S.K.: 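Got a structure here, written out as structure tokens. Questions coming.
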Amino acid sequence: MSDVRVRIAPSPSGNLHVGTARTALFNFLYAKKTGGKFILRIEDTDAERTSQAYIDNIFDSLKALGLNWDEGPDVGGEYGPYTQSERFDIYPKYVQKLLDDGFAYECFCTPEELEAEKEEATKNKKPYVYSKRCENLTDEQKEQFRKEGRKPAIRFSIKKAQEAFYDNPVIHFTDMVKGDLHQDTSLIGDFVIMKSNGSPTYNFAVVIDDMLMKISHIIRGEDHISNTFKQILIYKALGAEVPEFGHLGMILAPDRSKLSKRHGATAVSEFVEKGYLTDALLNFVALLGWAPADGVEIRTVDEIAKDFNIHELSASNSIFEYDKLNWMNSQYIKKLSTEDLKERLKPFLTKYDLSELNDEQYTRMINATREPLTILSDITDAVPYFFGEDVEIDEEAQTKVLDTDTAQDVLKTFVDMAEDWEWTEENLHQKLEDFRTMYKEKGVKAKVTMWAIRAAVTGRTCGADMVQILMVIGKDKTMKRAKKAIK
RNA sequence: GCUCCCAUCGUCUAGAGGCCUAGGACACUUCCCUUUCACGGAGGCGACGGCGAUUCGAAUUCGCCUGGGAGUACCA
């Protein structure tokens, strides 16, 4: 078996999409599993839509996901350059070869003429297939067009290629995930491989690049299936070895439409900004189409790679549901060390003055509030009461708790007694327990007792463990807030 | 319109003729734990799109229908 070489070839017309990330992951896994190479190629032939910011975003996102490439624009490699726009000078040679071998021809049709053909086809409810009117132009006719100032595009002759390599116009290939796939080539129009401005089209450039980069397996979205037939014909016409193909189902939004901006985040970087961990995102996206044999869903890329088999991927589309991603993210957050979490949470705490807390207090706050975090940004609204002298009392805490006679009584007693308490974790734990017991004997439920203190000190009816809160806030602030809540 | 792909709980999936009164995970829900929220633990709800065919036997094979998705550019 020849060396496995797979690639991810994003087009920098946007930030790295989660769908692209999943495709990259499956390629990466395949390379890892087979000991092959994973290559990154930037397909920026459409200068109009390309921007450096997007290229940077693609690099950064892929790196953040840990999908490191063996060859690519930045790291180089034997078969560079790995940026398509830097490869423009190598395509004409292959166009010429196709021209010489009769697999391609010049087309002088104007956009208007092409448009008219298309309209005619739709009017007659016929599928549009290029008329091939330029396939057998005489030299005189070509000369005439050139005199008119027309510049030719180069089209690939589907029929010539088909007849040269297949007995039947219906051609087949075996897809690694979908199995036998077929297409009637007579329905494929002679597509342009080189635009009149001299730049190659996608279908041509990919083949040349994949061929020259010795890509052995092409794993990509199923939206490329129709391209695959065209590309196979080009490989054949060029006398090149046709790689293996594997087409993945698409990722759809919950409404079954294409995952787009209106559904929320679509780019990996957007998920990160929202507080998703790249490991969780990658793990989640791996499960869209792949299932672990042992049922253990939370696993690292290495663990996935061990059991990964491209032939076991699901052939169908899958829907991107936040519920499971959220759950997975919370699981990954739980596994983070305190030190790690402390750092990762800082970007989401910028609205607070962290200098109010020393390291011990900050650590304590994080440990006390980390449990319910689904995404890192949840921390923002979970900790306001740890900062500032006073707290904002929310409505529920005020009316349902602080306004009650019981709460007022509890607070008065608390203020009296706590004045003498030694402010250590162990002691507070004991004192509060005794406090609850005392009230329980008066017929006040433990949680009602605690609610009063919590409402006064945090302004809320729920939150982190009270002992931890008191430890972080300190005795002075606690007493101050408690007194303030007493009417 | 035409072509191609796909089709198991709401979602992600296991299942490659009898092991399936269809398994797991998320979500939802009940209970337990508990100073609140949560976490955790134990349960529950919940699916083979329809119709034919093959077979002693079909979620698993075949056909048709239906539904969903994709492609149909001198975009990638």
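Naming: A, B, ... by sequence-line order, numbering from 1 per chain. Hydrogens, waters and symmetry mates play no part in the numbers below; they use all other heavy atoms, side chains included. The model shown is predicted, which means the values in this text are computed figures rather than measured ones.
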S.K.: For A/Ser226 and B/C4, is the shortest distance between a side-chain N/O and OP1 or OP2 below 4.0 Å?
M.R.: no
S.K.: Could you state the CE-C1' distance from A/Met450 to B/A38, rounded to the nearest angstrom?
M.R.: 15 Å
S.K.: Given atom CZ of A/Phe204 and atom P of B/C75, what is their separation to the nearest angstrom?
M.R.: 15 Å
S.K.: So what does A/Asp184 touch, heavy atoms closer than 4.0 Å: a base, only the sugar-phosphate, or nothing?
M.R.: nothing
S.K.: Does A/Gly249 reach a base, just sugar-phosphate, or nothing at all? Heavy atoms under 4.0 Å.
M.R.: nothing
S.K.: Just the rounded figure in Å: distance from P of B/C39 to CG of A/Asp465.
M.R.: 16 Å
S.K.: Of all of residues 321-330 of chain A, which get a heavy atom below 4.0 angstrom from RNA chain B, listed by number?
M.R.: A/Glu321, A/Asp323, A/Lys324, A/Trp327
S.K.: Could you check whether A/Lys142 makes a cation-pi contact with A/Phe145, meaning its NZ or CZ is under 6.0 Å from the centre of the six-membered ring and within 45° of the ring axis?
M.R.: no
S.K.: May I ask you to say what A/Ala153 touches in the nucleic acid, namely base, sugar-phosphate or nothing, with a heavy-atom cut-off under 4.0 Å?
M.R.: base
S.K.: I need the CD1-C1' distance between A/Ile333 and B/A38, as an integer number of Å.
M.R.: 13 Å
S.K.: Does a nitrogen or oxygen in the side chain of A/His182 sit under 4.0 Å from OP1 or OP2 of B/C5?
M.R.: yes
S.K.: When all nucleic acid strands are considered with a 4.0 Å heavy-atom cut-off, which category describes A/Leu181: base, sugar-phosphate, or nothing?
M.R.: sugar-phosphate
S.K.: Just compare B/G71, B/C39, B/G69 and give me whichever is closest to any side-chain atom of A/Asp223.
M.R.: B/G71
S.K.: Pairing check on B/C37: which nucleotide meets the Watson-Crick or G-U wobble criteria with it, both distances under 3.5 Å?
M.R.: none
S.K.: If we take the P atom in both B/A14 and B/G24, what is their distance in whole Å?
M.R.: 15 Å
S.K.: Ignoring hydrogens, what is the shortest heavy-atom contact between A/Leu40 and A/Pro10? Give both atom names and the distance.
M.R.: CD1-CD, 3.7 Å
S.K.: With both distances kept under 3.5 Å, what pairs with B/G17, Watson-Crick or G-U wobble?
M.R.: none
S.K.: Is a side-chain N or O of A/Gln408 found less than 3.5 angstrom from the main chain of A/Leu402, in a donor-acceptor match?
M.R.: yes
S.K.: Under 4.0 Å between a side-chain N/O of A/Arg155 and OP1 or OP2 of B/C74, yes or no?
M.R.: yes
S.K.: Using heavy atoms to find the nearest nucleotide of RNA chain B for A/Arg454 and A/Glu222 separately, return the residue whose nucleotide is more 5′.
M.R.: A/Glu222
S.K.: Output the rounded distance in Å from CD (A/Gln468) to P (B/C37).
M.R.: 18 Å
S.K.: In whole angstrom, what separates A/Asp434's CG from B/U35's P?
M.R.: 14 Å
S.K.: Please pick, from B/G24, B/U35, B/G1, the nucleotide with the shortest atom-to-atom distance to any side-chain atom of A/Val467.
M.R.: B/U35
S.K.: Expressed in whole Å, how much space separates the C1' atoms belonging to B/A70 and B/C62?
M.R.: 25 Å
S.K.: So does A/Arg220 get a side-chain nitrogen or oxygen closer than 4.0 Å to the phosphate oxygens (OP1/OP2) of B/A76?
M.R.: no
S.K.: Identify whether NZ of Lys or CZ of Arg in A/Lys230 sits under 6.0 Å from the centre of the six-membered ring of A/Phe191 and within 45° of that ring's axis.
M.R.: yes
S.K.: Salt bridge check: are A/Glu371 and A/Lys334 linked by an N-O gap of less than 4.0 Å?
M.R.: yes
S.K.: Centroid separation under 6.0 Å, is that true for the rings of A/Tyr322 and A/His263?
M.R.: no
S.K.: Does B/U3 pair with anything, Watson-Crick or G-U wobble, both distances under 3.5 Å, and if so, with which nucleotide?
M.R.: B/A70
S.K.: Quick check for you: among B/A76, B/A73, B/G1, whose closest atom lies nearest to any side-chain atom of A/Tyr128?
M.R.: B/A73
S.K.: Pick base, sugar-phosphate or nothing for A/Ala121, based on heavy-atom distances below 4.0 Å to the nucleic acid.
M.R.: nothing
S.K.: Are A/Thr413 and A/Tyr439 close enough that a side-chain donor and a side-chain acceptor fall under 3.5 Å?
M.R.: yes
S.K.: Of the options B/U35, B/C74, B/A76, whose atoms approach the side-chain atoms of A/Asn203 most closely?
M.R.: B/A76
S.K.: Please enumerate all protein N or O atoms sitting under 3.5 Å from an N or O of nucleotides 13-16 of chain B, with distances to 0.1 Å.
M.R.:
{"residue": "B/U13", "atom": "OP1", "partner": "A/Gly289", "partner atom": "N", "Å": "2.7"}

S.K.: Under a 3.5 Å cut-off for both contacts, is B/C26 paired Watson-Crick or G-U wobble with anything, and if yes, with which nucleotide?
M.R.: B/G10
S.K.: Using a cut-off of 4.0 Å on non-hydrogen atoms, how would the nucleic acid contact of A/Gln331 be classed: base, sugar-phosphate, or nothing?
M.R.: sugar-phosphate
S.K.: Please state whether the phosphate of B/C2, meaning OP1 or OP2, lies under 4.0 angstrom from any side-chain nitrogen or oxygen of A/Gln183.
M.R.: no
S.K.: Does A/Arg155 qualify as a cation-pi partner of A/Tyr130, given the criterion of NZ or CZ under 6.0 Å from the six-membered ring centre and within 45 degrees of its axis?
M.R.: yes
S.K.: Do NZ/NE/NH1/NH2 and the carboxylate oxygens of A/Lys159 and A/Glu135 come within less than 4.0 Å?
M.R.: no
S.K.: Between B/U61 and B/U3, how far apart are the P atoms? Round to whole Å, please.
M.R.: 25 Å
S.K.: Taking the C1' atom of each, how far is B/A59 from B/A22, in whole Å?
M.R.: 8 Å
S.K.: To the nearest Å, give me how far apart NZ (A/Lys445) and C1' (B/U35) are.
M.R.: 13 Å
S.K.: In the strands shown, is B/G46 matched to any nucleotide by a Watson-Crick or G-U wobble pair with both distances under 3.5 Å, and which?
M.R.: none
S.K.: What's the gap between B/C45 and B/C31 when it is taken at their P atoms, as a whole Å value?
M.R.: 16 Å
S.K.: Would you say the side-chain atoms of A/Gln84 and A/Asp209 include a donor-acceptor pair closer than 3.5 Å?
M.R.: yes
S.K.: Find which nucleotide of RNA chain B each of A/Glu371 and A/Asp44 is nearest to by heavy atoms, and output the residue with the more 5' nucleotide.
M.R.: A/Glu371
S.K.: Counting any heavy atom closer than 4.0 Å, what does A/Lys334 reach on the DNA or RNA strands: base, sugar-phosphate only, or nothing?
M.R.: sugar-phosphate
S.K.: Rounded off to whole Å, could you give me the CZ-to-C1' distance for the A/Arg256 and B/A70 pair?
M.R.: 15 Å
S.K.: Less than 4.0 angstrom between a side-chain N/O of A/Lys195 and OP1 or OP2 of B/A76, yes or no?
M.R.: yes
S.K.: Please state the P separation for the pair B/U30 and B/G69 - nearest whole angstrom.
M.R.: 35 Å
S.K.: Which pair of non-hydrogen atoms, one from A/Ile393 and one from A/Ala455, has the smallest distance, and what is that distance?
M.R.: CD1-O, 3.6 Å
S.K.: Please write out each protein N/O paired with an N/O of nucleotides 45-47 of chain B under 3.5 Å, distance rounded to 0.1 Å.
M.R.:
none

S.K.: Measure the acute angle between the ring planes of A/Phe156 and A/Phe103, then classify it against the limits of 30° and 60° as parallel, tilted or perpendicular.
M.R.: parallel
S.K.: Can you find a side-chain donor-acceptor pair between A/Thr83 and A/Asp44 that sits under 3.5 Å?
M.R.: no
S.K.: So what does A/Thr45 hit on the nucleic acid, given a heavy-atom distance under 4.0 Å: a base, only sugar-phosphate, or nothing?
M.R.: sugar-phosphate
S.K.: Do A/Phe284 and A/Trp327 have ring centres separated by under 6.0 Å?
M.R.: no
S.K.: Taking the six-membered ring for Trp, are A/Phe26 and A/Phe308 parallel (under 30°), tilted (30 to 60°) or perpendicular (over 60°)?
M.R.: parallel
S.K.: Taking the P atom of each, how far is B/C33 from B/A7, in whole Å?
M.R.: 46 Å
S.K.: Ignoring hydrogens and angles, state whether a donor on the side chain of A/Arg150 or A/Ser196 is under 3.5 Å from an acceptor on the partner side chain.
M.R.: no
S.K.: Ignoring the backbone of A/Ser11, work out which of B/A76, B/C6, B/A38 is nearest its side chain.
M.R.: B/A76
S.K.: For nucleotides B/U11 and B/G46, find the distance between their P atoms and express it as a whole number of Å.
M.R.: 16 Å
